[in-house]
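Here's the structure, in structure tokens; my notes come after.
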There are 2 protein chains.
Amino acid sequence: MAVKKVKPANDTSTEEKIKNAARVVFFKKGFAATRTRDIAEEAGINLALLNYYFRSKEKLFDIIMLETIMNFFKSISVVFNMEDTTLENKIETIANGYIDLLKANPDIPLFLLSELKMQPDEFVAKMGVKEIVMKSVFLKQFQQGIKEGKITPIHPLHFIINLLGMTVFPFVASPIIKGIGDLSTKQFNDLMDERKRLIPKWIKAMLKAK
Amino acid sequence: MAVKKVKPANDTSTEEKIKNAARVVFFKKGFAATRTRDIAEEAGINLALLNYYFRSKEKLFDIIMLETIMNFFKSISVVFNMEDTTLENKIETIANGYIDLLKANPDIPLFLLSELKMQPDEFVAKMGVKEIVMKSVFLKQFQQGIKEGKITPIHPLHFIINLLGMTVFPFVASPIIKGIGDLSTKQFNDLMDERKRLIPKWIKAMLKAK
DNA sequence: GTCTATAACGTGATAGAC
DNA sequence: GTCTATCACGTTATAGAC
């Protein structure tokens, strides 16, 4: 038993409570529209404690932002670099994994995209996203498919854009989608579940389109 | 000659200058991060004039927001309801038109999606987006295609999501896309131009995927 | 209509008691 | 570590002269 922990901090430590609250509020409203008072209230603690633990709103934000990006790209990067799965398998894994992730955290993609736009270099450039994607097994398999004539030649970015777009876009545009289809959140999520099965089929068809 | 104008206001009237400036700043930074001083400076006028013409930051924002939504949905709604063009033609027209529109106004989609999320009912529900899309010729043609066995049966929303996603998503995610591909704005725009030709092909393939 | 000056308010951050 | 009270500052909005 007795699992060793690096930090004694459990989920109900004050620091963790503040971070959890910060995620909720930042994800929902973005940096500028968030007031430190909102976070304190959400965390059920005093406003002064927030500054005691994190010095400033911006420092707290940067921590949340970095953790969130890491989390998001880590998961995709792992799948992208699996050696022993086919390209098709990877597409399925990504569609499945991300849709579940986004159903559980629907506010994150729009949050990330909005805040990344504000400071593109601060995060995007630094993280070496370029290398992670362009040197991945995933990309090599894609280019191999082209060489073998199994895939219609296109710029790899089109492929990435379409896979990501089909998966992420509905969550980014959920208010409009829900509005058009008059969907409840449950109905919307069911539709997203359908896409787990459909996206791989569509991508496959797309890759062969002439 | 002598074109009659409803309002004498030309493009350099103070009111119009403020609105133009407001568009620039709101689109780039969103409501919360925008300071009325930024708008005044961008417009080259005094801060007090902004309140003289529009009463408050929020009132000015609502005007810009409404106009922008109208503009965006008006253009799609026209295409959606053309009686004498095929479904394929409509897809081409939308991909072409929107990509040009978004190249010229790359900040708008992320702006709209972010702000719509803040007040979903304020705008989405009111505008009858549901009716516009679901009762369109576009949709009827799609369902006719299913009936005739030319299109694999799926929920129409999947179709809308994919068409919109392929077209709009890259602009929403442009910082990441540019980061991954190490693209300049020019290179990015060229890639988007390629998509005008590719999206109709992909959508066509998608509609027949089994 | 347009400006300067300033009021009124909200928010991030800190001092200091416990 | 946690709280209450308060400061310090930036921002929206207005008053009033021109």
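In what follows, chains are A, B, ... by sequence order, proteins preceding strands, each numbered from 1.
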If I take atom [atom1] in residue [X] and atom [atom2] in nucleotide [N], what distance separates them, rounded to the nearest angstrom?
| X | N | atom1 | atom2 | answer |
| --- | --- | --- | --- | --- |
| B:Arg35 | D:dA13 | CZ | C1' | 15 Å |
| A:Glu58 | C:dA13 | CD | P | 8 Å |
| A:Ile45 | D:dT2 | CD1 | C1' | 10 Å |
| A:Leu49 | D:dA5 | CG | C1' | 15 Å |
| B:Lys57 | D:dG10 | NZ | C1' | 12 Å |
| A:Asn46 | C:dC18 | CG | P | 16 Å |
| B:Phe54 | D:dA13 | CZ | P | 13 Å |
| A:Phe61 | C:dG12 | CZ | P | 13 Å |

Comparing nearest nucleotides in DNA chain D, the 5'-proximal residue of the pair B:Ser56, A:Tyr52 is A:Tyr52
At less than 4.0 Å, is any side-chain N or O atom of [X] found next to OP1 or OP2 of [N]? Yes or no.
| X | N | answer |
| --- | --- | --- |
| B:Thr14 | C:dG1 | no |
| B:Thr36 | D:dA13 | no |
| A:Asn51 | C:dG12 | no |

Any salt bridge linking [X] with [Y]? Criterion: basic side-chain nitrogen under 4.0 Å from a carboxylate oxygen.
| X | Y | answer |
| --- | --- | --- |
| A:Glu16 | A:Arg23 | yes |
| B:Lys196 | B:Asp193 | yes |
| A:Glu194 | A:Lys201 | no |

When only distance counts, do a donor and an acceptor, one from the side chain of A:Arg37 and one from the base of C:dG12, lie under 3.5 Å apart? yes
Checking all strands, does B:Tyr53 fall into the base, sugar-phosphate, or nothing category for heavy-atom contacts under 4.0 angstrom? sugar-phosphate
Would you mind classifying the nucleic acid contact of A:Leu47 as base, sugar-phosphate or nothing, using non-hydrogen atoms under 4.0 angstrom?
base
### Query
Is there a side-chain contact between B:Tyr98 and B:Val79, using heavy atoms and a 4.5 Å cut-off?
no
Evaluate A:Phe26 against A:Phe61 for ring-ring contact (aromatic ring centres under 6.0 Å, His included), listing each step before the verdict.
CA-CA 8 Å; A:Phe26 278 140; A:Phe61 177 80; 5.0 Å; yes
